[in-house]
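Letters A, B, ... mirror the listed sequences (proteins, then strands); counts begin at 1.
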Amino acid sequence: MKFKAFLTENGVNLLERRFLPAFDKMGKTCYLFLTKDHLFFLHNLLNGDGVQCIAQFRIDVLFDDYRISSQNDDRIAFSLDVSLLYRAVKSSVSICTEFSGGLASNRLQIKLVKKLPHNCTQPMPFLTFETKGYKSAVIQDVPISKPLSRSQVVELQTALDSAQDLPPTLVQVQDPNQLQNFVDRMKHVGDVLNVTISKHGDLQVQTSTTLIRLGSEFQRLSVVGEKSQAPAEDRNLSAQTRSERAIARGDAQSVQVSVKHFLKSLQCHLTKPDSAFYGIAPQGACLTVIFQFLVPGTRQTDKSITLHCRLPVLDTGSN
Amino acid sequence: MNSSPAMEPDAPDLVCQLDNVQGMVDALTCVRWKRHQDALVELSEHGIVLIVEESGCLQAKVYLQRELFTKYEYGAEGRPRFGISLGLLVDCLNTFSSPGHSNTIEIKYPGPDMELLLKSVDTLNSCIYSEIRTRIPETSEWDYNFEQAGTAPLTFTVKSAALKEAIDDLEWPGSSVQISLQKSPPCVTFRGEGHGDLQIDFMYYVNTDLLLAFHCDTEVSYGYKYKFLKATTANIPGNVARENRGSKLTIGRGGMLKVQHLVSVAKALAPQVESAGYQPPSRIAYIEFFVKPEETA
């Protein structure tokens, strides 16, 4: 199998300034899944716990001169330590700037190699970053796992396909900072978050213990997918009563997730999305958050980058 | 609903609104020296008082007078009292405080189950709400009978930031601090002995920017447990130092120490409007600590 490509300036910026800082917070290791058209960063996709995070980049967003070949339909997958990858990209950027003053000839090449490290008898796989300057080259090796076998790749692809299902109703949170600020402070009060999403565009997050109930409600959010009108008589009721009645009517769903997991998913704000969509999967299987990136200067979704998280549900709330 | 709450039989004891939650968080945090503390809250037509106490040696009170609130509708007969977890109340209020958004909160007591009800006000399309369980308070009063020491009070006022720093420095010597007031030259001494000795003197007429007032006609000296003294300054909010406030200390009969702080509860105004150190009196919360002296061997 072979993989070699040059990271574009845009690609380096996206990774170094936005995406790798977020992935570093999502989990220690993740899978890198390369195909002819896309690069995926996948957290917790195959193990049961934790927040699943799926990031997909179209190749032309990150790379120039992208070459990939393998006996597995030109797909390659391996796992690595995200912090090591982040560090390698960060230092490659500073080396590039130092040597070139930004000249195009100083490009950052990334490729899959097998090397014999010190104190080893067997060659090991690495993802290598190479910067060729005017007089010298700098090489950084990021250790990676043995590339996945054909059957392991099939398993990964299957998990990836099923993780792409969209919830029937999604509500759009335009100001993720407000939600993040609330949940960040709320973590001192409770461990479990009850999330209720209605087809009217209401999102409610609440924690309850024997001593306290504390919640925040966002109303009249934009809805994508199945939507309905809130009945006028519900308007002046309390948030709690309103959501109970919506659930009874079948207009809302409620699930419980861990506060820690929710806060972890909010780390995706480091990627600087334009907004976030929240939805509950059918049968309350998980809480899905989809981050939207717009083409700069427009209101159109940039489909070349997608990022979403799936939070495990602790217990299905009242249905 | 415009009718006076006192005329309705089911009117709550209190409905009040505050336009700066962070101020209330700062005032209550002042008396939070442990993660879990039970507080006693007393409501009256004058305002809200919150009291915490520890092991019969340390008591603190936060006075939030009604002028701090943008709305204060008192409908109770007598003075309702209830117990509540201080840590939970502070952590909960803190979630209502959001940088860049309206921080007006409405507090109501009692709810249908004697809870304390909180909700955010004047926020478009979003709201925060909370219900906190309360307890019936114990009948025994914490009796910290503070009486004047002699014919005239023994008192001094020291810059709050300097007091905090002095107490922080006294952590190293040991578990006990001696506070002495001397008539001539007029001076306050804080002394710790143990792992080494440390003495900090505030001399009146010399450190005029640190010791702001001093009155002593009898020389006194009492010892206090360090951890209780530390609790009186450990959580003073940053704005107290920024606003150059002073803390007033008084030694009462038997050596009971009273420490008083002023904490601003107002929203921060634009820099050109705010004059350093001055706040209208209605925007200040009063904090009082009472520390019992150590038994003399």
* Side chain / backbone / both / neither for A:Arg220 at chain B, heavy atoms under 4.5 Å -> side chain

* With only heavy atoms counted, which part of A:Thr207 is less than 4.5 Å from chain B, the side chain, the backbone, both or neither? -> neither

* To do: Determine, for A:Phe262 and A:Lys264, whether the Lys NZ or Arg CZ falls below 6.0 Å from the six-membered ring centre while staying within 45 degrees of the axis.
  => no

* Asked: For A:Asp24, what residues pass the side chain to side chain donor-acceptor pair (under 3.5 Å) criterion, not counting sequence neighbours?
  -> none

* Asked: What option among A:Gln204, A:Gln219, A:His188, A:Gln206 has the most heavy-atom pairs under 4.5 Å with chain B?
  -> A:Gln219

* **Selection from B:Asn94, B:Ile84, B:Ile132, B:Asp91 maximising heavy-atom pairs under 4.5 Å formed with chain A** => B:Asn94

* Asked: Just wondering, are more than 12 heavy atoms of other shown residues or ligands nearer than 6.0 Å to CD in A:Gln229?
  -> no

* Side chain / backbone / both / neither for B:Arg135 at chain A, heavy atoms under 4.5 Å -> neither

* To do: Measure distances from B:Ser97 to the heavy atoms of chain A and classify the residue's part below 4.5 Å as side chain, backbone, both or neither.
  => both

For residues 295-302 of chain A, which side-chain N or O atoms pair as donor and acceptor with protein atoms under 3.5 Å away, sequence neighbours left out?
from: A:Thr298; atom 1: OG1; to: A:Val295; atom 2: O; distance (Å): 2.8
from: A:Thr298; atom 1: OG1; to: A:Gln300; atom 2: N; distance (Å): 3.0
from: A:Thr301; atom 1: OG1; to: A:Gln292; atom 2: NE2; distance (Å): 3.1
from: A:Asp302; atom 1: OD1; to: A:Ser304; atom 2: N; distance (Å): 3.0
from: A:Asp302; atom 1: OD1; to: A:Ser304; atom 2: OG; distance (Å): 2.5
from: A:Asp302; atom 1: OD2; to: A:Ser304; atom 2: OG; distance (Å): 3.4

* Consider only side-chain N and O atoms of A:His308 and A:Thr288, and report whether a donor and an acceptor are under 3.5 Å apart. => no

